[in-house]
Amino acid sequence: MHPLPRSLEPLSGESLVSYLLRLGHRLGLSPLHLIRAAGWIRQGNPNHFPGSLLLDLPKPQAEAFARLIGQTAREVSALTLTQWRNRYPPIARSLPGPGRLMRPDAWLYVGSPRFCPSCLAGDGTEAQQLHGGPWRKLWHLPIAFVCTEHRIYLEAGCPHCGQPHDAQGHLIQRANDHTLHPAQCRWTVDAQTPRRKSFACAGRLDDRTASAGDRLQPAADILRFQRFLRGRLKTPTRTTDASEYFTDLRLATALISTTWPHGRYLLDSETAERIDSNSQKLHFGSGGRHSAHVRDTPPRDSIACGALLMAADRLLSRDDLSDLLSDLTRAAFGNPPSRTPWAVLLGAVRGPT
């Protein structure tokens with residue numbers, strides 16, 4: 001494996017996907033070409049782009065890619081989510097293992113992260129003017145819903161084509177396309193001509209004026225809560241404390257969604273209205289019935305997601321939490337808590353005791 005003729009310095013907080021897009025743009029190569037050069041393609045499946053690459057890179061693969069791009073293995077590993085695997089349980093739950101393929105957890109946006117247009121526009125340096133700013137790896141976590149630097153809610157989809165419609169997708173859309181800028185939408189849209197079946201949307205995602213006029217600004221308490229969540233991913237927060245907190249937050253979020261609107265009185269009217277809107281979408285999308293998967297999937301919409309997670313955090317801080325949980329499950333299901341769908345979800349997330 002020979003080093004590439006030119007490389008690119010990784011940006012702070014950048015994801016592996018982002019780096020492949022930006023490096024490929026500099027070299028005029030597709031992300032898939034770089035993946036093949038790194039030897040990450042599985043035998044017999046030359047076009048498969050393993051989503052597990054985002055979560056962690058085994059040491060031999062990290063070292064080989066480091067030699068290819070002229071960086072260190074530590075810098076390569078920093079492009080993945082592995083540094084948070086012991087703090088944020090959905091990462092470890094999604095990793096492949098012996099006899100087990102990667103299965104993305106509902107609390108990971110592997111192939112469709114939300115994004116901040118201002119971050120994608122870059123900081124004005126020459127490299128970022130040419131190849132764009134970073135797609136931050138934090139955006140792959142649903143607990144990131146606000147850019148605290150630019151004080152805006154993250155965008156949930158392309159303002160031009162509206163995609164993605166789901167939380168999951170391929171790690172990189174149209175991975176064999178070398179013509180797109182890293183800040184262009186890679187989602188496929190249907191062509192209107194019979195000779196070509198599809199093409200990329202190609203809309204710019206770094207346009208800070210798109211939908212800026214009707215974009216709601218995050219309130220001070222949402223910004224504080226976002227900083228609090230980010231703080232849980234690093235020291236001085238202990239690893240076990242962070243892991244337990246995110247597990248409890250997930251369960252509380254699922255409980256509020258599952259039993260809605262029984263917990264509406266716990267929230268202020270504005271927050272409740274946002275969750276009302278999201279709850280209606282869940283009902284419509286599931287044919288009028290909730291499923292365990294839907295209850296445990298955070299809202300794609302950043303505003304609804306932030307409101308729901310903050311409500312769950314407030315629920316966890318109540319002194320009467322135990323009684324409140326029992327009352328909510330009884331009111332929603334009419335059964336003892338241990339016999340409700342909530343208990344099934346609790347066992348799935350927390351695992352055997």
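For the single chain, residues carry numbers from 1 onward in sequence order.
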How far apart are the closest heavy atoms of [X] and [Y], and which atoms are they?
{"X": "A156", "Y": "R114", "result": "CA-CG, 4.0 Å"}
{"X": "A106", "Y": "R250", "result": "CB-NH2, 4.2 Å"}
{"X": "C185", "Y": "A200", "result": "O-CB, 4.2 Å"}
{"X": "G231", "Y": "T237", "result": "O-OG1, 3.3 Å"}
{"X": "L53", "Y": "T80", "result": "O-CG2, 3.6 Å"}
{"X": "F199", "Y": "R174", "result": "C-NH1, 3.6 Å"}

Straight-line distance of D207 CG to L120 CG, nearest 0.5 Å =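 So the gap between those two atoms works out to 11.5 Å.
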
Plane angle bin for Y19 and F65 - parallel if under 30°, tilted between 30 and 60°, otherwise perpendicular |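 F65 vs Y19 ring planes: perpendicular.
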
Passing candidate, side chain to side chain donor-acceptor pair (under 3.5 Å) with H131, options R22, H181, H25 |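 With H131 as partner, side chain to side chain donor-acceptor pair (under 3.5 Å) holds for just one option, H25.
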
Please check this pair: side chain of [X] against backbone of [Y], looking for a donor-acceptor N/O pair closer than 3.5 Å.
{"X": "R136", "Y": "G13", "answer": "no"}
{"X": "S302", "Y": "L154", "answer": "yes"}
{"X": "K137", "Y": "A78", "answer": "yes"}

Run the side-chain contact (heavy atoms from CB on, under 4.5 Å) check on I69 and E75 step by step: do they pass?
-> CA-CA 11 Å; I69 64 175; E75 288 173 315; over 6 Å; no

Aromatic ring proximity W139/Y109, centre distance under 6.0 Å =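 No - the distance between ring centres of W139 and Y109 does not fall below the 6.0 Å cut-off.
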
